[in-house]
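Structure record follows, encoded as structure tokens.
These values consider heavy atoms only, across backbone and side chains, with no hydrogens, waters or symmetry-generated copies. Remember, predicted model here, so these are calculated numbers, not experimental data.
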Amino acid sequence: MDSTWQILQEHLPQALIDTAYMVVVSAVVGVVLGSLVGLLLYLTENRLFHPNHVLNSVVGFIVNAIRSLPFLILLVVLIPVVQALIGDPYTPTGGAIALSVSAVPYFARISESAFSEVDDGIIEACLSTGATTRQVLTGAVLPQARPSFVRGVVLMIISLIGASAMVGTIGAGGIGDMAIQYGYNRYETGVLLVIVAILIVLVQIIQWIGDRRARHLTH
């Protein structure tokens, strides 16, 4: 018990900081770039805007290709790329880059789905008044899609927390790295139990906040 407590005191704060860093960076990149890709897919698919089957198919193929790869395989594939960019891929920054590459196509499909849920009748009504595409998007599509968009952000963050733990298995830092090094390799079951409990609590809190925010936007 003393050994478990000592390990937690010495390593848990930094592990949480590393995990938070990877999740926050990749979530921001995922939301920003993923939303843009999702919007492109939506605009080139919806008949009321700028349908472009070729562009939609090409972008959709790239998104699906990245999403089809299991995260650990994608992580291994990205190691040489991350190494070329920052030198050492086995760092929280390297983990954040890998998570960001995974997050962008994931959130692209989530945001596309959120936009697609907006009733075409609302869009047609806006266009009939002479509104531009930008005005329709900012005045109708984005406000109507916000509840689903928020739920999508929550799903992505929860997914990234789990993925960040997997990143730790290759030594990129965070609570996953701590679980492997000190919980599994040293047979410290207490460390593993604490990390599992922390993950459960984090997910519950994030889901609760996201659900409340989505309900508020719906009303």
Side-chain angles (χ1 to χ4, degrees), residues 1-32 34 66-79 82 88-111 148-215:
M1 183 64 182
D2 291 339
S3 177
T4 297
W5 179 243
Q6 184 178 2
I7 291 172
L8 292 173
Q9 282 185 310
E10 292 179 359
H11 302 284
L12 184 58
Q14 186 60 50
L16 291 174
I17 291 173
D18 291 343
T19 294
Y21 168 74
M22 289 189 286
V23 172
V24 170
V25 170
S26 57
V28 170
V29 173
V31 169
V32 173
I66 299 175
R67 290 183 64 215
S68 66
L69 294 176
F71 181 72
L72 285 178
I73 294 178
L74 178 63
L75 187 62
V76 172
V77 171
L78 288 173
I79 286 177
V82 176
D88 185 4
Y90 306 106
T91 62
T93 299
I97 293 174
L99 289 171
S100 297
V101 173
S102 174
V104 171
Y106 181 84
F107 197 74
R109 286 303 186 187
I110 288 178
S111 59
S148 296
F149 194 86
V150 169
R151 292 188 180 96
V153 172
V154 171
L155 286 174
M156 185 186 66
I157 292 175
I158 291 174
S159 176
L160 287 173
I161 291 174
S164 70
M166 286 191 282
V167 168
T169 62
I170 66 165
I175 54 180
D177 187 21
M178 181 178 172
I180 293 297
Q181 286 194 44
Y182 300 99
Y184 180 76
N185 291 339
R186 298 191 183 184
Y187 303 101
E188 290 289 344
T189 306
V191 173
L192 287 174
L193 292 176
V194 169
I195 290 175
V196 169
I198 289 173
L199 289 172
I200 292 173
V201 171
L202 280 176
V203 169
Q204 294 295 330
I205 291 174
I206 292 170
Q207 187 69 61
W208 179 76
I209 293 173
D211 288 343
R212 284 179 59 88
R213 183 58 181 166
R215 283 196 297 269

In Å, rounded to the nearest 0.5 Å, how long is the span from [atom1] of [X] to [atom2] of [Y]?
X    : Y    : atom1 : atom2 : answer
I195 : I200 : CD1   : CD1   : 12.5 Å
M166 : L75  : CE    : CG    : 9.0 Å
Y182 : L8   : OH    : CG    : 11.5 Å

- [ ] List the steps and the verdict of side chain to side chain contact (heavy atoms under 4.5 Å, CB included) for F71 and V167.
- [x] CA-CA 9 Å; F71 181 72; V167 168; 3.6 Å; yes
TODO: Decide side chain to side chain contact (heavy atoms under 4.5 Å, CB included) for I161 and I206; before the verdict, give the C-alpha distance in whole Å, the side-chain angles of both, and the deciding distance to 0.1 Å.
DONE: CA-CA 11 Å; I161 291 174; I206 292 170; 3.4 Å; yes
At their closest point, which heavy atom of [X] faces which heavy atom of [Y], and how far apart are they?
X    : Y    : answer
I157 : A27  : CG1-CB, 4.3 Å
V150 : A214 : CG1-N, 4.2 Å
S26  : A103 : O-CB, 3.8 Å
I66  : P105 : CG2-CG, 3.5 Å

Side chain to side chain contact (heavy atoms under 4.5 Å, CB included) partners for [X], two or more places apart:
X    : result
V82  : L78, I86, P89, I97
S164 : T19, M22, V23, L99
Q14  : I17, D18
A165 : none

Mind checking side chain to side chain donor-acceptor pair (under 3.5 Å) for [X] and listing every partner two or more places apart, or none if nothing turns up?
X    : value
Y106 : none
S148 : E117
S159 : none

TODO: Output every pair passing side chain to side chain donor-acceptor pair (under 3.5 Å) with a member in residues 190-208, not counting sequence neighbours, ordered by first then second residue.
DONE: Q207-D211
Task: Validation row: I198, L12 side chains within 4.5 angstrom (heavy atoms) - done: yes
TODO: Could you name each residue pair satisfying salt bridge (charged side-chain N to carboxylate O under 4.0 Å, His left out) that touches residues 91-111, not counting sequence neighbours?
DONE: R109-E112
- [ ] Count the heavy atoms of every other residue, nucleotide or ligand shown that sit under 6.0 Å from CZ of R212, and state whether that count exceeds 12.
- [x]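 For R212, atom CZ is not crowded (no more than 12 foreign heavy atoms under 6.0 Å).
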- [ ] Taking salt bridge (charged side-chain N to carboxylate O under 4.0 Å, His left out) as the test, write out the residues that go with R151, two or more places apart.
- [x]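 Salt bridge (charged side-chain N to carboxylate O under 4.0 Å, His left out) check on R151 returns nothing, list empty.
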Open item on the list: Is the ring pair F107/F149 parallel, tilted or perpendicular, if the boundaries are 30 and 60 degrees?
Closed with: perpendicular
Donor-acceptor pairs under 3.5 angstrom involving side-chain atoms of residues 170-178: please list them, not counting sequence neighbours.
from: D177; atom 1: OD1; to: Q181; atom 2: NE2; distance (Å): 2.8
from: D177; atom 1: OD2; to: Q181; atom 2: NE2; distance (Å): 3.1

